[in-house]
Amino acid sequence: MLSEHAEEILEALAIQIEEQGKKPLDLGAIRDDPAIEELLKLGYIRKDADHIHLLEKGKAQAQGCLRRHRLAERLMVDVLDVKKQIINEVSCKFEHLLHEGLEDNVCAILGHPRVCPHGKPIPPGRCCQQKEKTKFLKFVSRLSELEAKDKGTITYLHSKDNTQLQKLMSIGILPGMPINLLQKFPSYVLQLGQSQFAVDKELASCIYVRLVRGS
Amino acid sequence: MPGLSPKKVGYSDTLEIYLARLEELLKAKDYKISKRSLELLILQEDKEILELVKEKEDVNFNLIENLIKETKANYAQPVSYIISLRRQQEASLIASRVMSFGKSPAVSIQERISRIMMNPFTGGPILLFVLYYGLYKFVGTFGAGFLVDFIENKVFGNYINPWAIKAVAKILPIPFLQDLLVGEYGIITLGVRYAFAIILPVVATFFFAFAIVEDTGYLPRLAMLVDQLFKKLGLSGRAVIPLVLGFGCDTMATMVTRTLPTKRERIIATLLLALAIPCSAQMGVILALLEGRPLALVAWLGVIIFVFLIVGYLAAKIMPGELPTFYMEIPPLRLPQFSNILRKTASRLSWYFKEIFPLFIFASFLIWLGQISGIFNVLVKILQHPMRWLGLPDKAAVAFLFGFFRRDYGAAGLYDLKKAGLLSGNQLAVSCITLTLFLPCIAQLMMNVKERGLRIGIAMSIFILFFSFSIGYLVNFVLTILNISL
């Protein structure tokens, strides 16, 4: 298993690639870190005078590190209600524990989120593609995957399509609001405060809900 | 309210900095809204506002655009989402200070009925109930049957027409002008009579029934039930409103397609209205035509529903553009207020007469012109060929030609043929199908062109012309080859 520091480096490389295109990472202060040696041995990175570069072989690993970090952030915000200011700090420690299947379970609990609380994309895992339903309790789920009569609070909205967000916002569907799914066929009917709305499946899948049970 | 100053909603420090920088860039003084609202709308990239700002701030507009970009770079979510979140927070805070909710009582009776309406298993029978009593019984039997009979035969037949014919004969001693006013297809004897005796009662009863259904809050529930089906036709559940209105008046319904959000939905809805939704006037006559011929009625209904679905499905496949999304508030069910219903019916009727009545008169005029110039005879001769392909008597050509001027004129023309015993069950079914699908009445054609533009309006009409005859031909062909008599 990789050391925590090696994972941090891979994560930094993944972010670098995601945000600035293919730029190498400046070696700087980590020049003599043993984690560099570890990654070089595994063939995940290449080093020149001042920079390290992510190699093809390390790509999946790096994506995984980034995924675990952002899932950890999501877990902190959606389920554990950690204050925004310390999310990053706590998540940085937590992410290293999310190994060996735990990662996919956390992903399922969170309703296979697409973005972290800062709106950055979470690289999808194998579990996100599988259609089968999770057997254990979910905490956060897309509205489209809830059962009729489920209750919860909207945690966030997410869609690639900006106009879909606009539509939901225009009828007052916003994070923090208690929501109650009345029926899901043939359309999704939801109770929101004193009002009821009908939306189609596409819009319902933009709404992420933290479930409230047994009330 | 005087004495109360509006509360300013503060945003995050980051956003406030950009708002302040934006304020410095905005030089023009004559915006009609407050600077702060303007700045917030600019950062949310409101299209109209950006255009306005571009016009007024030509020097600074580039800087403003850059500032918007810079602001957006700070957020992974759209700026409008960030702003809405903050406002929602503030609104909840205000509400929480002054509002409290008691334990909500058990599900109310209205809520129970509402759920039954939205349940796919009980919703279907309810829809049939509404259609049967609202459309068939009230509009069909009472409006198109009893009222039409009364106004047409008693009021016009006994009083107005004889009086008008006498009066015109006295005042206007020129025969062909007399024909224009009170002849077989005269403005008064046909145009005005049709408008008041056939269309008015049918449309008035329809608008009345529609207003009741509308005011109870049933329509959004229906929209929610049919959304998945309509998606296959390239429409969203929202389109159920213009389509149902089309059963009253397709022309008005075409105008109401404006409420649909995308151009693609508007075009598909317009096409379906023109092709497969018979208006109340037309339906009244068609139901009368097919009376006592249950098999022909079933064939007509089956083919029209089939065409509606298949054309919608193909149109959705072919048409490029944004896919429809469906979202709609479901208001609580209410008992409609009688005064509201009367007001709505009256305002729709007055629209109808303002917009459509002149077209009636115009149509009568065209028929008169076509008759005295002999153009109609030529057209009737030409139309006789397609009539034969459909297995219809030559005389049906007249009905079809008039059908273009008013779809219901055409159907009424067929009614005369039926009464004369000239049409078999097959012929009745084929002619009713073809006439229902056939070109929209001239008023609707004009509305299509007005709403959808000349190119699409004309292309649609040409398509419908060929399509309706092809389907008529096909139905006749299948009935003949399978040796079926309806």
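Numbers restart at 1 for each chain; the letters A, B, ... are given by sequence-line order, proteins then strands. What you see is a predicted model; the values in this text were computed from it and never measured.
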Based on non-hydrogen pairs under 4.5 Å, which of B/Ile330, B/Leu229, B/Leu323 is most in contact with chain A?
->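 So the answer, after comparing B/Ile330, B/Leu229, B/Leu323, is B/Ile330.
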Can you list every donor-acceptor pair under 3.5 Å that links chain B to chain A?
unit_1   : atom_1 : unit_2   : atom_2 : d
B/Ser80  : OG     : A/Gln166 : NE2    : 3.2
B/Tyr81  : OH     : A/Leu157 : N      : 3.1
B/Glu111 : OE1    : A/Gln196 : NE2    : 3.1
B/Glu111 : OE2    : A/Gln196 : NE2    : 2.8
B/Met118 : O      : A/Gln183 : NE2    : 2.9
B/Met224 : O      : A/Ser187 : OG     : 2.8
B/Gln228 : NE2    : A/Pro186 : O      : 2.8
B/Lys231 : NZ     : A/Asp200 : OD2    : 2.7
B/Thr325 : OG1    : A/Lys167 : NZ     : 2.8
B/Phe326 : N      : A/Asp200 : OD2    : 2.7
B/Phe326 : O      : A/Asp200 : N      : 3.0
B/Met328 : N      : A/Ala198 : O      : 2.9
B/Met328 : O      : A/Ala198 : N      : 2.8
B/Ile330 : N      : A/Gln196 : O      : 2.8

Side chain, backbone, both or neither: which part of A/Leu182 has a non-hydrogen atom closer than 4.5 Å to chain B?
-> side chain
Measuring heavy-atom distances to chain A, does B/Pro261 have an atom under 4.5 Å in its side chain, in its backbone, in both, or in neither?
->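 Contact with chain A: none, neither part.
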Take atom OH in B/Tyr18; do more than 12 heavy atoms of anything else shown fall under 6.0 Å from it?
-> yes
When you look at CG of B/Leu93, are more than 12 heavy atoms from neighbouring residues, nucleotides or ligands closer to it than 6.0 Å?
->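 Correct, the count exceeds 12.
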Ring pair (Phe, Tyr, Trp, His ring centres under 6.0 Å) involving B/Phe121 - partner list, sequence neighbours excluded =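 With neighbours one apart ignored, the set is empty.
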Rounded to the nearest 0.5 Å, the CZ atom of A/Phe185 sits from the CE atom of B/Met224 at a distance of 9.0 Å
